Amino acid sequence: MSQSPIRWGIIAPGRIAHKFADGLSQLPDAILQAVASSNADRAQAFADQFGFAKTYTSYEDLLQDPEIDIVYIASPHPFHHQQALLCLDHGKHVLCEKPMAINYAQSAEVIEKAREKGLFFMEALWTRFLPIMQEVKKWVFEERIGEIQWLRADFGFRATFDAQNRKYNPELAGGTLLDIGIYPLNMAYLFFQEDPQETQSTASLGSTGVDEQSAITLKYSSGAIAELGASFRVESPKELHIMGSKGQIRVPLFWRSSEASLEIYGDKTETLYRPYASFGLQCQATYVMESLRQGRTEEPLMPWSESLRIMKKMDELRMNWGVRYPGE
């Protein structure tokens, strides 16, 4: 891969931005150019911690900086839609934290804007880019476990209830599905590579009206089934388990894993380790930067069509549960 440097700007230096910036600092071809926050002290502290060259207290000022190639949007997801459009309108390539918007209509508008402007855009579903997930993909698509029959993936943790917190507040597009349920759903779309023929689901809505836990079953044309779950109420194993006609794959803590095991039925189990530095968010940045160097507007591992398919399914699920956000 070419090593021509890519200059990064970051909008909203919160928790996930800290992890992403730490990842970028591991990459010699990533230049930490600028960060923007409405709080000047916060922006400066972030810049000092990670070595960013500039700080801004206005997103528009950052976007007018000609020395920035691409912007990472790290704000909470209710703001992604308008901020992505703002970045694209200023001629900046965009990596947007997941989910890229709160619904399909917003997502389609962002992608149409990227297409119109001829700019790169990607939703940051970073799990796809982890080294171990690339190995798991090879196992699956080389049919080491035969044809997939059953996939299970879950993501649950015990969250402290606060009606004003973004996890529970419908005004901030709260609920498990957009926050963490997107991870298991992402695995189903990655490994089946088709839309399900049948969908069954249920969710437990809390006092604020958002989904506090959910269970989703997807059935595919082959008869294979995916079982997916998300919860703010319990600690779940957070495991990906892919079972096929010849064997099975287990990935512990799948959304950030560096380990996977392959069992061929009647044979020994093989375990692979693919450790990474920092929190691993630099893995997706490496792919993004190469896409920019190649002049692509989409990253093949996370194309626009995939983001739209996943978002469309999340809209369908929420509508069935009765979870609607203000303005929908």
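Small disclaimer: the values here were computed from a predicted structure and weren't measured. Numbering of residues begins at 1 and proceeds along the displayed sequence.
A ring-centre distance under 6.0 Å is found for F155 and W255. A centroid separation of 6.0 Å or more is found between the aromatic rings of H18 and F279. Centroid-to-centroid, the aromatic rings of W8 and F20 come within less than 6.0 Å. The six-membered or imidazole ring of F232 lies near that of Y168, with a centre-to-centre distance under 6.0 Å.
Considering all non-hydrogen atoms of both residues, N169 and A163 come closest at CB-O, 3.5 Å. Of all non-hydrogen atoms in A260 and V251, the two that sit nearest each other are CB-CG2, 4.0 Å. For Y276 against C283, the heavy-atom pair with the smallest separation is CB-SG, 4.5 Å. Scanning both residues, S307 and M302, for their nearest heavy atoms gives OG-CE, 3.3 Å. Here the closest non-hydrogen pair linking A74 and I16 is O-CG2, 3.6 Å.
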>> Would T217 and I225 count as a side chain to side chain contact (heavy atoms under 4.5 Å, CB included) here? Give the steps.
In response: CA-CA 7 Å; T217 302; I225 290 174; 3.8 Å; yes

> Does the pair Q26 and S278 meet the rule for a side-chain hydrogen bond (donor to acceptor under 3.5 Å, both in side chains), with working shown?
Replying inline: CA-CA 8 Å; Q26 311 292 320; S278 182; 4.6 Å; no

> Step by step, would you call R250 with S261 a side chain to side chain contact (heavy atoms under 4.5 Å, CB included)?
Replying inline: CA-CA 5 Å; R250 290 182 183 270; S261 62; 3.6 Å; yes

>> Set out, in order, the CA-CA distance, both residues' side-chain angles and the distance that settles side chain to side chain contact (heavy atoms under 4.5 Å, CB included) for M289 and R293, then state yes or no.
In response: CA-CA 6 Å; M289 292 192 294; R293 295 183 186 112; 3.9 Å; yes

>> The test is side-chain hydrogen bond (donor to acceptor under 3.5 Å, both in side chains); show your working for S231 and E212 and say whether it passes.
In response: CA-CA 6 Å; S231 180; E212 293 186 0; over 6 Å; no

>> With side chain to side chain contact (heavy atoms under 4.5 Å, CB included) as the criterion, how do V136 and I242 come out once you've worked through the C-alpha distance, each side chain's angles and the decisive distance to 0.1 Å?
In response: CA-CA 10 Å; V136 171; I242 309 172; 4.1 Å; yes

>> Please evaluate residues D89 and K113 with respect to the criterion salt bridge (Lys or Arg N to Asp or Glu O under 4.0 Å), reporting the C-alpha separation (whole Å), side-chain torsions for both, the decisive distance (0.1 Å), and the verdict.
In response: CA-CA 8 Å; D89 275 332; K113 177 71 71 172; 3.1 Å; yes

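Looking only at distances, a side-chain donor or acceptor of D211 sits under 3.5 Å from a matching main-chain atom of T176. A donor-acceptor contact shorter than 3.5 Å is absent between the side chain of T55 and the backbone of Q44. Between the side chain of D315 and the main chain of Y104, a donor-acceptor pair closer than 3.5 Å is present. Here the side chain of S25 pairs a donor or acceptor atom with the backbone of D22 at under 3.5 angstrom. Although no hydrogens or angles enter the test, the distance criterion places a donor-acceptor pair under 3.5 Å between the side chain of H77 and the main chain of A173. Between the side chain of Y265 and the main chain of G244, a donor-acceptor pair closer than 3.5 Å is present. At least one donor-acceptor pair under 3.5 Å links the side chain of Q106 to the backbone N or O of I102. At distances below 3.5 Å, not a single donor-acceptor pair connects side-chain atoms of Y220 with backbone N or O atoms of A226. Looking only at distances, no side-chain donor or acceptor of D29 sits under 3.5 Å from a matching main-chain atom of S4. No side-chain donor-acceptor contact under 3.5 Å links R274 to the backbone of P131.
Counted by atom type alone, Y287 and W126 present zero donor-acceptor pairs between their side chains at under 3.5 Å. Between E194 and Y189, the side chains place no donor N or O within less than 3.5 Å of an acceptor N or O (distance only, hydrogens not considered). A donor-acceptor contact under 3.5 angstrom links the side chains of D65 and Y56, judged on distance only. Using modelled atom types and a 3.5 Å distance limit, the side chains of H80 and E97 yield no donor-acceptor pair. Side-chain contact check for Q248 and E263: at least one donor-acceptor pair (N or O, by modelled atom type) lies under 3.5 Å. For the 3.5 Å distance criterion, the side chains of E147 and S245 fail to qualify, holding no donor opposite an acceptor. S201 and W321 share a side-chain donor-acceptor pair at under 3.5 Å. Using modelled atom types and a 3.5 Å distance limit, the side chains of K313 and T199 yield a donor-acceptor pair.
Side-chain contact between M319 and E328: present, with at least one pair of heavy atoms (C-beta onward) separated by less than 4.5 Å. Counting heavy atoms from C-beta outward, D154 and L240 have side chains that stay 4.5 Å or more apart. Residues E298 and F121 fail the side-chain proximity criterion, which asks for heavy atoms closer than 4.5 Å. For the pair I249/I145, a side-chain contact is recorded, criterion being any heavy-atom separation below 4.5 Å from C-beta on. Side chains of L27 and T286 form a contact here, defined as non-hydrogen atoms less than 4.5 Å apart. Between F52 and I10 there is a side-chain heavy-atom pair separated by less than 4.5 Å. Contact check for K92 versus I68: side-chain heavy atoms found under the 4.5 Å cut-off. Residues L205 and V210 are not in side-chain contact: their nearest non-hydrogen atoms beyond the backbone lie 4.5 Å or more apart.
Tested against R128, the residues E306, K137, Q284 include a single side-chain contact (heavy atoms from CB on, under 4.5 Å) partner, E306.
A salt bridge does not link K312 to D195: none of the charged nitrogens lies less than 4.0 Å from a carboxylate oxygen.
The cluster map of Ile, Leu, Val, Met, Phe, Trp and Tyr, joined by side-chain heavy atoms under 4.5 Å apart, puts F157 and I182 in the same cluster. Transitive grouping of hydrophobic side chains (ILVMFWY, heavy atoms separated by less than 4.5 Å) keeps M243 and V140 in distinct clusters. When the side chains of ILVMFWY residues are joined at heavy-atom separations under 4.5 Å, either directly or via intervening members, M187 and L253 end up in a single hydrophobic cluster. Clustering ILVMFWY residues whenever any of their side-chain heavy atoms sit less than 4.5 angstrom apart, transitively, puts I6 in a cluster other than the one holding I31. Hydrophobic clustering (side-chain heavy atoms under 4.5 Å, transitive across Ile, Leu, Val, Met, Phe, Trp, Tyr) groups L292 together with L119.
Taking a 6.0 Å sphere around CZ of R324, one finds it holds more than 12 heavy atoms contributed by other residues, nucleotides or ligands. Other residues, nucleotides and ligands contribute over 12 non-hydrogen atoms within 6.0 Å of the NZ atom of K54. No more than 12 heavy atoms of other residues, nucleotides or ligands shown are found within 6.0 angstrom of CD on Q200.
Between the CD1 atom in I180 and the CG atom in L185 there is a gap of 12.5 Å [rounded to 0.5 Å].
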